[in-house]
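Written below as structure tokens is the structure these notes are about.
As a basis for the values below, the full set of heavy atoms in this structure was taken, side chains included, without hydrogen atoms, waters or symmetry mates. Along the sequence shown, residues carry numbers from 1.
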Amino acid sequence: MSNCAKRTNGDIGQRICTAAEIKFYFNSFFSKGSKKSNYLHPNKNCNLSSWVSGCEPGWACSAGKGVKVDMKNSKDMPTRVVDCQSCCEGFFCPHGLTCMIPCPLGAYCPLSVLNKTTGVCDPYHYQLPAGKPNHTCGGADLWADIVSTSEIFCSAGSYCPSTIQKLPCTRGYCKLSQTFHQGCFKLATCVPKSANQNITAYGLLIFAGLGFLLIIIYNCSDQVLSTREKRQAKTREQAVQSVRETQAREKWKSAKETAKKHAIDFQTQFSRTFSRVKSKREDTNPSAKGKKKEKGNLTKMMQEIEANPEEHDGFHVEIGDKNIKKHAPKGKQLHTQSQMFRYAYGQIEREKAMQEQNKNLTFSGVISMASDVEIRKRPTIEVAFKDLTLTLKGKNKHLLRCVTGKLSPGRVSAVMGPSGAGKTTFLSALTGKAPGCRVTGMVLVNGKAEPIQAYKKIIGFVPQDDIVHGNLTVEENLWFSASCRLSADLPKPDKILVVERVIESLGLQPVRDSLVGTVEKRGISGGQRKRVNVGLEMVMEPSLLILDEPTSGLDSSSSQLLLRALRREALEGVNICMVVHQPSYTLFRMFDDLILLAKGGLTAYHGPVKKVEEYFADIGITVPDRVNPPDYFIDILEGILKPASGVHYKQLPVRWMLHNAYPVPMDMLQSTEGLGGPAGEGSSHDGMPSSFAGEFWQDMKSNVEFKKDNMQHNFLSMVDLSGRTTPGILRQYKYFLGRVGKQRLREARTQAVDYLILLLAGICLGTLAKVSDETFGAVGYTYTVIAVSLLCKIAALRSFSLDKLHYWRERGSGMSSLAYFLSKDTIDHFNTLIKPIVYLSMFYFFNNPRSSIYDNYIVLVCLVYCVTGIAYILAIAFEAGPAQLWSVLLPVVLTLVATRNDGGLAGKLSDICYTKWALEAFVISNAKRYRGVWLITRCGSLLENGYDLNHWNRCLILLGLTGLASRVVAFIVLVTCQRR
């Protein structure tokens, strides 16, 4: 400014452009549609009638001495046509204006020099006007974007502290249009006159640190879990010891109180009794000295029942017989825990009364009375059903028809029948899980017409498939089920004892600390896995336990071991019903009751196992010698064998109904008499064959009804009648969080592979897609959005796509869906925070953009949070294959849409794409670092792409809200969608 003032003799104020002239200059960029132009539109000073030397590029004129120029006037241009001179250095004078505009910071605007070879004024490349020999080269003539006017930008490797001074960058590094030299980091290297510092060392350090951390996780995750399991084992042993000590203290306290009540003459009675008992023993059995005390009747009774569970002497309810007989319990004829201990308590009370009468209490008798442990009783569930019929909605097709009977507590019932007889459908109808079907008939729970779903907290359902978490140990699977499904007020030591009891009864003690295993990783055997599948329901101490083919795939010994464990559960009053396929005779005799279904869901027999052969013999079907009765009966119901009596297999359901005086539908009577077609085998009510359109319409109606019932089953709340208060959402969230954490630690190697792929992506994109100053890194950031979205989505699919079956089972048992979803999402937040660091450790330090690493990290965190939520929706709504395809397709397509800004439909769609928000946030964070001479370039680039410099926070908020909204949608889909 001072040099220009001296050159113009203090007339500089009359030569600088006013607001109106500057506005006129910048408006020309928009009106011409181009940022570079040789001259402006005609104006007051430069037009066809008036063209002074100051209108030429690099020249300017004065308004005249004494003329007052209003610099803030943005409407009217002053007249400048006198004393025209070349433009001062540090200013630029556009072609078509007679004023000077100061060059912005970061520009280098020296006076131009005529190149006699080319005839242009270097470095600005404008020519002198023809016919004016006194006209010389002036100053700069244009300031626009970096592409159009790169000559006024301070070159890379140099810095320009002012617009007329350019110094070489001897230390540090100097990027394009720098006003100062930037110092290098400690570990970075800077070559003199370099535009960037080499900070690859920091990337390598971060890479090495992350690699070391991943190696530790990769190799030590199993050790961490094993150490934790050892500590849990010690805690478990301490809890068991604590319970035993507590029980011993209670017993001793009770013994002392009982002894105090009878302290009168206790010493003399004790001496007399002890002398008498000793002399009697010496007289009766002199050789019994040193032997153990003979076992009591109650102990013998319990051991006999467990050793011979197939015996059927005892308390029975004859089902299916017109004459229902009830036998009172006598002696060891006891099959439930409550009956056993009621009998035992009665015996003890009688002994106490006799002892009180005789005043002959011994010390051992006092201890024996005090050692009785109070047993925690389970509520019993009795299920009675009459004319139970299931009809498929939309097709009027019977899946189950006219089934009548009762499932009693303390008994093990077997459901058998040929394939397609509706065995699993029968279990689904009992548990109220038959969506898409119309249920008729009556189902009574404990004699009351109440929905059985109201008791789901004390009902266990074992599915046919072994749905067990393969990356958890046997004990961890059982402990999680016990923690979430047992009563919330049950102390932890008692829960541990429940789990220990189940592990012992199922024979899982040798493999309690072994991983169950998956398809890829071998674990326990198939039989042990099946027992774990049953144990998941046993540990919640159910009152009704329903099992769908628990013995399928097991050998005879494993099946007997499993059934013995179930009979021990039945001794505690549990009502057990299970589907079995052609059991061995030994296994068959271990059941109490049998439900034999024929094709079409019709009952062929329902009653005690010991009377099934007698019933079929009465109707002329005798089991041949050396033939397994259940195999023979199923072959007859299948139609493979024809009995000698001539009874047709389709007549067996009707004969059973007539035998018990049940009402028989007319179409079934006609079928047995040969007056009509078969009506039982799942046939429709309509006899006429339907057309293709009719069948298609029926299928559509059936699907709609199924989805409707499924939605109602998922959302309609039901009053809980079980009387059990399970842990709330927060406690279940804690349990789920611990389980998911263990699973992720055991999947540390998979996580390490994910991080390694991100590192490679960062190296490739950081090396190949350099941040360009012209586009502010838009190309490199576009590839970043695609790569990070694709890789993070595919990794996030594993959170839900692999656990759908487990979730459906756990939700059906009453566990919280919200706790399950939040635990998964919480653990995934670790990846949301770490994956951006992994990617930037390579991309940022190889690319070295002007934006800070903090800004890039924040944008990447929001982007990963957003795409993870979208991946949840894909994982839950689709199968694994389609979900992966959508995860790859969406980022690419949406990024292509986001880069369109033509104002059409694609432009409108781009405004609602998450890729547009992420890309805009990246570009804005980088563009903010470009100031001074970059203003026109920055504004033009942002305007061309439809970005706003003030929308950085808005873009981050939109990404976060999209991630949150997608999680809400994912949770709704999780609750509403279920497999058919």
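With sequence neighbours left out, Pro882 forms a side-chain contact (heavy atoms from CB on, under 4.5 Å) with Phe878, Glu879. With sequence neighbours excluded, no residue forms a side-chain contact (heavy atoms from CB on, under 4.5 Å) with Val113. For Cys121, the disulfide bond (SG atoms under 2.5 Å apart) partners are Cys137, not counting sequence neighbours. Judged as a side-chain contact (heavy atoms from CB on, under 4.5 Å), and not counting sequence neighbours, the contacts of Thr163 are Cys103. Lys916 meets the salt bridge (Lys or Arg N to Asp or Glu O under 4.0 Å) test with Asp911; sequence neighbours excluded. For Arg15, the salt bridge (Lys or Arg N to Asp or Glu O under 4.0 Å) partners at least two apart in sequence or on another chain are Asp11, Asp83. Glu21 is linked by a salt bridge (Lys or Arg N to Asp or Glu O under 4.0 Å) to Arg80, counting only residues two or more places apart in sequence or in another chain. Leu791 is linked by a side-chain contact (heavy atoms from CB on, under 4.5 Å) to Ile757, Leu758, Ala761, counting only residues two or more places apart in sequence or in another chain. For Cys913, there are no disulfide bond (SG atoms under 2.5 Å apart) partners, not counting sequence neighbours.
Shortest non-hydrogen contact noted between Val67 and Gln14 is O-OE1, 2.9 Å. The two atoms that bring Val785 and Ser789 nearest to each other are O-OG, 2.6 Å, heavy atoms only. Nearest heavy-atom pair across Ser53 and Cys84 is CB-CB, 4.2 Å. In this structure, Pro78 and Val69 approach most closely via the heavy-atom pair CG-CG1, 4.3 Å. Minimum interatomic distance between Asn856 and Ser851 (heavy atoms only, all atoms of both residues): ND2-OG, 2.9 Å. Here the closest non-hydrogen pair linking Asn73 and Asp76 is OD1-N, 3.4 Å.
Side chain of Thr962 to main chain of Leu958: a donor-acceptor pair is present (N/O by atom type, distance under 3.5 Å, no hydrogens or angles). The main-chain N or O of Asn45 is never found under 3.5 Å from a side-chain atom of Thr98 such that the two would form a donor-acceptor pair. In terms of modelled atom types and a separation under 3.5 Å, the side chain of Ser28 and the main chain of Tyr25 share a donor-acceptor contact. Without hydrogens or angle criteria, Thr832 side chain to Asp828 main chain gives a donor-acceptor distance under 3.5 Å. Between the side chain of Ser941 and the backbone N or O of Arg938 there is no donor-acceptor pair closer than 3.5 Å. Asn43 contributes no side-chain N or O that, together with a main-chain N or O of Leu97, makes up a donor-acceptor pair within less than 3.5 Å. Side-chain N or O atoms of Asn945 include none that pairs as donor or acceptor with a backbone N or O of Tyr947 at under 3.5 Å. With hydrogens and angles ignored, the 3.5 Å screen pairs no side-chain donor or acceptor of Trp143 with any backbone N or O of Phe92.
For the atom pair Glu89 CD and Ile164 CD1, the distance stands at 4.5 Å (nearest 0.5 Å). The structure places NZ of Lys75 at 12.0 Å from CG of Asp70, a figure rounded to the nearest 0.5 Å. If you take CG on Leu943 and CG on Leu949, they are separated by 12.5 Å, rounding to the nearest 0.5 Å. Residue Ser155 holds its OG atom at 15.5 Å from NZ of Lys175, rounded to the nearest 0.5 Å. Atom SG of residue Cys792 and atom CG of residue Leu863 lie 7.5 Å apart, to the nearest 0.5 angstrom.
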Trace of the side-chain contact (heavy atoms from CB on, under 4.5 Å) decision for Ile101 with Phe91:
CA-CA 5 Å; Ile101 302 176; Phe91 293 82; over 6 Å; no
After noting the C-alpha distance and the side-chain angles of Leu167 and Gln165, does the key distance pass the side-chain contact (heavy atoms from CB on, under 4.5 Å) rule?
CA-CA 7 Å; Leu167 301 174; Gln165 187 180 16; 4.0 Å; yes
Kindly determine whether Met71 and Thr18 satisfy side-chain contact (heavy atoms from CB on, under 4.5 Å), including the steps that lead there.
CA-CA 4 Å; Met71 304 297 294; Thr18 63; 4.2 Å; yes
Apply side-chain contact (heavy atoms from CB on, under 4.5 Å) to residues Leu874 and Ser887 and explain how you reach the verdict.
CA-CA 8 Å; Leu874 299 177; Ser887 298; 3.6 Å; yes
CA sep, side-chain torsions, deciding dist, call: Cys99, Cys61, disulfide (SG to SG under 2.5 Å):
CA-CA 6 Å; Cys99 61; Cys61 299; over 6 Å; no
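Defined by atom type and a distance below 3.5 Å, a donor-acceptor pair is missing between the side-chain atoms of Trp952 and Glu920. Looking at Asp855 and Ser852, their side chains do bring a donor and an acceptor atom within 3.5 Å of each other. Asp825 and Tyr865 share no side-chain donor-acceptor pair at under 3.5 Å.
Atom OH of Tyr783 has 12 or fewer neighbouring heavy atoms from other residues, nucleotides or ligands inside a 6.0 Å radius. Annotation: Lys132, atom NZ; neighbour count of heavy atoms from other residues, nucleotides and ligands within 6.0 Å is above 12.
For residues 98-136, the ring pair (Phe, Tyr, Trp, His ring centres under 6.0 Å) pairs, not counting sequence neighbours, are Trp59-His135. Sorted by first and then second residue, the ring pair (Phe, Tyr, Trp, His ring centres under 6.0 Å) pairs involving residues 908-928 (not counting sequence neighbours) are Tyr781-Phe922. For the ring pair (Phe, Tyr, Trp, His ring centres under 6.0 Å) condition, no pair includes a residue of residues 62-84, sequence neighbours left out.
In this structure, Tyr930 and Trp934 have perpendicular ring planes: the angle between them is above 60°, well past the 30° mark.
Disulfide check for Cys88/Cys4 passes, with the SG atoms closer than 2.5 Å.
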